[in-house]
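Just below is one structure, and these are the notes that go with it.
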Amino acid sequence: MADSISYPGPGYGPGYGMTFTERLSSCVRRNVTVYIGEENTPVAGMLHAVGSNYVEIHRMTGNTTEAIIVPIHSISAISCPV
């Protein structure tokens with residue numbers, strides 16, 4: 001009979017910390033600034049959703065709300081209140 005091997009799931013576990021998307025999920029519904037690309041272009045707004053490979057930010061432009069989808073691989077940094 002084969003030995004049962006148990007692998008730690010996402011999040012905390014032996015030798016593991018929270019993943020980037022797990023940490024970002026705690027900032028949903030907060031105002032954030034996302035710095036994108038090598039130029040660190042800031043995009044400010046409310047963090048609406050966090051996917052496995054993207055974040056969605058909503059910001060007001062005039063009288064309308066604009067949704068911005070940013071691929072995780074293009075994010076340089078994120079400023080989020082604690």
Would you give me the side-chain donor-acceptor pairs under 3.5 Å for residues 29-39, sequence neighbours excluded?
from  : atom 1 : to    : atom 2 : distance (Å)
Arg30 : NH1    : Pro81 : O      : 2.8

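- Separating the CE atom in Met46 from the CD atom in Glu56 is a distance of 12.5 Å, to the nearest 0.5 Å.
- One distance of note links OG1 of Thr65 with NE2 of His48; it measures 10.5 Å at 0.5 Å rounding.
- Of the inter-residue distances, the one linking Phe20 atom CZ with Ile78 atom CD1 reads 4.0 Å to the nearest 0.5 angstrom.
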Given side chain to side chain contact (heavy atoms under 4.5 Å, CB included), test Leu24 with Ile72 step by step and report yes or no. CA-CA 11 Å; Leu24 285 177; Ile72 293 254; 4.2 Å; yes
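- In terms of hydrophobic clustering, with Ile, Leu, Val, Met, Phe, Trp and Tyr side chains grouped at heavy-atom distances under 4.5 Å, Leu47 and Tyr54 are assigned to different clusters.
- Closest approach of Arg59 and Val43 over heavy atoms only: NH1-CG1, 4.3 Å.
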